[in-house]
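Computed from a predicted structure; not experimentally measured.
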Amino acid sequence: MASPKRFIAGAICPRCAEMDKIMMFTTEEGQVRECVACGFSDQQADLEETAELQTRVNKRKNVDDHTVKQVVFFKAGANDD
């Protein structure tokens, strides 16, 4: 089942270089982008599910113990006035 056609804000057509003329929709074969100004069209096949890339955000396990270990209080010295 095809999805509704949606314009992609800021997209530039690779053929005519017009901005905001590209619309995208999904068919059974994959995603299709199409220019309403010049008729350019190309299709991208569905990609297989790939593993998420490892980054500093997702590879870190949240195993930190967030409990307070020790509290240190500093006492102000006597005023020498």
Are C35 and S41 packed together at the side-chain level, in the sense that at least one heavy-atom pair is separated by less than 4.5 angstrom?
no
Might you work through the side chain to side chain contact (heavy atoms under 4.5 Å, CB included) test for R15 and C38, ending with a clear yes or no?
CA-CA 8 Å; R15 182 186 294 163; C38 69; 3.9 Å; yes
Does CZ belonging to R6 count more than 12 external heavy atoms closer than 6.0 Å?
no
Using side chain to side chain contact (heavy atoms under 4.5 Å, CB included) as the criterion, list what pairs up with A11, not counting sequence neighbours.
I8, I22
Hey, what do you get for CD1 (I12) to NZ (K21), rounding to the nearest 0.5 Å?
13.0 Å
Taking only residues two or more places apart in sequence or in another chain, which ones pass side chain to side chain contact (heavy atoms under 4.5 Å, CB included) with D42?
R33, F40
Least distance between heavy atoms, A37 atom then E18 atom
CB-CG, 4.2 Å
Nearest 0.5 Å, what's the OG-CD distance between S3 and Q31?
8.0 Å
Contact summary for D20 and F7, nearest pair of heavy atoms:
O-CD2, 4.1 Å
